[in-house]
Each structure stands twice: as structure tokens, then as C-alpha cells.
Amino acid sequence: MEWLLQKIASGSIIIPSNNVRKQKIHNVGIGRGLKTKVNVNIGTSTLNVDPEAEVKKARTAVKYHADTIMDLSDGGDVGAIRRTLLEAAPITFGTVPIYEAYNYGVSVHKNPMNLTEDDFLKAFENNAKDGVDYTTIHAGITKEIAKRILQVQRHGGIVSKGGTITAAWMLKYDKENPYFEHYDYLIELARRYDVTFSLGDALRPGSILDSHDELQVQEMINVARLTRRAHQQDVQVMVEGPGHVPLNEVAANVRLAKSLIGDVPYYVLGPLVTDVASGHDHIASAIGAAVSASEGVDLLCYLTPSEHLALPDADEVKAGLIAYRIAAHAADLVKIRDKAIKWDMAMTEARRTLDWERQIALSIDPEEAARIHSRTGQHPGNNVPCTMCGGACVYIMLPQQRRYEKDKELQQAG
């Protein structure tokens, strides 16, 4: 326990937990030496507002063991939707306050670009007061960087909604980013409500062609400085990363980020290792996620099959979450092997002994494993082969394999 307290004190592990959130929730630690965690994004858009559908997604995320959940709603009554989802998902909960500011601009000012600095700040305070555990704050993109956007050739442009809203506002009014200009005030609010900063990557690459360009790196340098300022005031911080990164640059991205931000939890979207997997982006990004987490990423933000195409439904939320839980565990077999390997050892034992009940129970998705196993022709019970090999099952043809000298060792390790 002492080692954990030391890491929390140093900022290398965080436990996001808003002090006004009254419901009993499952808090998680995020950071070095712990299991890789997985986040699920849900939320409405301006073209699709169905709070009941978002509640269903939230419950799906909880059912299939998401560690954290983020409400990205920017359509409808976002405050009411947020409070509803907070009740529906008793796990660590995050939001992006700039989306509420955008929503306010559309509904009240009739133009999102008519926002005031106070609108930016009030949105953050509203989220904190409602009990949100962590918030994405796009504080690293400054007016100077925003002006550079118009000069630097980017194949994919700016793909962060929060980053785009902030950059467009700064360029329209020739004013500094309110979240950067008033960062000390945000720190004051974060201390009051014990809200964790998730410092956003407004300039993350939206194409593998833009990976590690000067805009992305310049923002990361600013974020590193903001991280240190928050730590000086005892505010918990994690830092967000890309995005779209070719496979050969994924490890380098993690090392570069960690070299700049220090031993601080790193929270990465994917990354997607190719741009052509529409309809299957949860797979393309899980590849990058496994590599990035094995290199030291602490929290993975999932993608679903609907990424770049539409809002996900509950089934797509499940598909994305399962893909990322697989990626997270694969990475943990590298980072914390002695702990993580016990799950695989137990599964190996169950397979070797044809213990189907145990195999299904140990599966990352027991429901799907049971559904597939019980398809046409499968004999019920244990000690029987599955329909893939039938009578040619290796454990039937050579039953001696089902008993060997390491039995006791495996049982003890499990």
C-alpha cells in the first residue's frame, strides 16, 4: 500500500474521484504498475439525440467491464443527459466541457462562435459541480499555435472537435484560449471538487500522414508545462495522446510523450494504424492500442466499428470495448506479466483438460464464447471435443497430454 501512496503523491498514478459524487462507484487507479484500463465513449450529437439509447450504451459499458466512461454529448440538454448517465454508470466518469459550451453557443447564442470566455469556464464548473471525475481540457492549444494551423500543411486538418471549436474561437476574436489564459482558475475549481485534468490533444493527427508533425509536438510541450503547474497545486493529471499513428511510430510516440510529460498517466485514443478500416476501426485501432499500452500507455480510449461513420449503437459499444480489453490484456502480459499471466495459465489448464464450463467462464466475453461453442453438432458437457476437431481432437487422440508433471504448478499459480 505504501508504494501506491507514493506513486499517487508523485502523480504517476491517479484515482479520479469527484468529491461531490454521492453514489457508490467503482473507482480505478490509472498509472504505472497497474493494469491497463479501458475507456468507453458515448454521447449524443447535434443530429442524433436519444438519451435512452445513451443509457443503454452506458449500461452495456458497465456490463462488459469498462473501467471508465466518457459522455461526449453535444446535442440536446447536455446537462440533463450528463446527470442521467452519471446515475446509469457507477464507474469513473469523464466529460469534455467545451462540448457543453458549444451546445450553449448553439442553443442560446444561436452561433457556437458567439461564446464568451465565461461560457468556456462556466461549462467546466458545471461539469465539476455535477460530480464528473475527470474532464478533458484543451488547454495546450494557444493562440500562437492556432495561427500556425493556417500556415502548416496538414493532410487531415484538425480532427479534434474541442480543438477545432477552440481554435476557431481564438482566430475569430484574436484572443487567447480561455482554458490556457485562466488555467489557474481551472486549477482552483479542480481542487475544490477534486476533479482530475485529462489534458487534451487538440492537435492530434487525424491521418497517419500527419503523425508527429510540428503542431502535435508543440502542443505536447505546452501540455507538459501545464501538467507541472497542476501538480504544484496537488491536482491530478493525465495526458491525452493520438489518434492516427503508423505502426512503426507507435512505440516512438509513447516514448516521446513520456519524455516530455514525465511519469504521468498517458491516455491514448487507439491509435489507429491505418486510415482505410472504416467499419472495422475497432480492430485497426486495437492493434495500435496493444503496442502503445505495452510501451507504457495507462488508459486506452476505445474505438467502435462505427468510428468515422456514425454514432455507435450498444452492440458496437460492446464490440469496441471487447477489442480494447483484449488489447489491454495483451499489453499487460508485457508490462505486468507475473500478474497478468495467471489468467492465461488458467485458460490453458481448462483447455488441456477439456473443461468447457471453465473455458467459457474464463473467456473475455463468456456470452459469445458460449453461443459459438453450443452451435450445431456440439456435444454438451465437459470432456468432449468441440466441433472444430471432433474425433481428431489432440486431447482425445493423445490423452496423456491431459496429465503432466506441471499440473500442481499450474494449479498453485492459478
With side chains defined as the heavy atoms from C-beta onward, is the minimum distance between [X] and [Y] less than 4.5 Å?
{"X": "E249", "Y": "H212", "result": "yes"}
{"X": "I25", "Y": "D133", "result": "yes"}
{"X": "L85", "Y": "P51", "result": "no"}
{"X": "D67", "Y": "I91", "result": "no"}
{"X": "S363", "Y": "M347", "result": "yes"}
{"X": "V245", "Y": "L272", "result": "no"}
{"X": "I42", "Y": "L72", "result": "no"}

Results of side-chain hydrogen bond (donor to acceptor under 3.5 Å, both in side chains) for [X] - residues two or more places apart only:
{"X": "Y266", "value": "N253"}
{"X": "R325", "value": "none"}
{"X": "T68", "value": "N39, Y134"}
{"X": "T46", "value": "none"}

Hey, does the side chain of [X] reach the backbone of [Y] with a donor-acceptor pair shorter than 3.5 angstrom?
{"X": "N18", "Y": "A128", "value": "yes"}
{"X": "S73", "Y": "G75", "value": "no"}
{"X": "Q236", "Y": "I15", "value": "yes"}
{"X": "E316", "Y": "D313", "value": "yes"}
{"X": "S306", "Y": "L309", "value": "no"}

Distance alone, cut at 3.5 Å: any donor-acceptor contact between the side chains of [X] and [Y]?
{"X": "E240", "Y": "T136", "result": "yes"}
{"X": "E307", "Y": "H282", "result": "no"}
{"X": "S207", "Y": "D275", "result": "yes"}
{"X": "N126", "Y": "E100", "result": "yes"}
{"X": "R229", "Y": "Q232", "result": "no"}

Report task. Could you walk me through whether V297 and T36 pass side-chain contact (heavy atoms from CB on, under 4.5 Å), step by step? Result -> CA-CA 7 Å; V297 165; T36 305; 5.6 Å; no
Query - Identified side-chain contact (heavy atoms from CB on, under 4.5 Å) counterpart of K7 within the set I13, I14, L34 - result: I13
Grab the two heavy atoms, one from [X] and one from [Y], that are nearest each other, plus how far apart they are.
{"X": "A230", "Y": "V237", "result": "CB-CG2, 3.4 Å"}
{"X": "A202", "Y": "I141", "result": "CB-CG2, 3.8 Å"}
{"X": "Q216", "Y": "P205", "result": "OE1-CD, 3.5 Å"}

Which residues pass the side-chain contact (heavy atoms from CB on, under 4.5 Å) test with [X], not counting sequence neighbours?
{"X": "E176", "value": "T142, K143, M170, F180, E181"}
{"X": "D355", "value": "A350, T353, E357, R358, N382"}
{"X": "S374", "value": "none"}
{"X": "T95", "value": "D71, R82, F93, P97, N127, V132, T135"}

Query raised in the report: What residues, two or more places apart in sequence or in another chain, satisfy salt bridge (charged side-chain N to carboxylate O under 4.0 Å, His left out) together with K37?
Result: none
Query raised in the report: Who passes ring pair (Phe, Tyr, Trp, His ring centres under 6.0 Å) against H109, sequence neighbours left out?
Result: Y104
**Report entry** Residue list, ring pair (Phe, Tyr, Trp, His ring centres under 6.0 Å) with H244, at least two apart or on another chain
**Finding:** H308
Query raised in the report: With under 30° as parallel and over 60° as perpendicular, where do the rings of W169 and Y173 fit, or are they tilted in between?
Result: tilted
Requested in this report: Quickly, which of D119, D118, N114 forms a side-chain hydrogen bond (donor to acceptor under 3.5 Å, both in side chains) with T116? Name it, please.
Outcome: D119
Query raised in the report: Taking the six-membered ring of Y193, is the NZ or CZ of K129 close enough (under 6.0 Å from the centre) and on axis enough (within 45°)?
Result: no
Report task. Test R204 against E219 for salt bridge (Lys or Arg N to Asp or Glu O under 4.0 Å), laying out the working first. Result -> CA-CA 9 Å; R204 66 176 181 269; E219 181 188 27; over 6 Å; no
Query - is_close_aromatic(Y183, F197), centroid dist under 6.0 Å - result: yes
May I have the list of side-chain donor-acceptor pairs in residues 58-65 shorter than 3.5 Å, sequence neighbours left out?
residue : atom : partner : partner atom : Å
T60     : OG1  : K56     : O            : 2.9
K63     : NZ   : E367    : OE2          : 3.1
Y64     : OH   : E367    : OE1          : 2.6

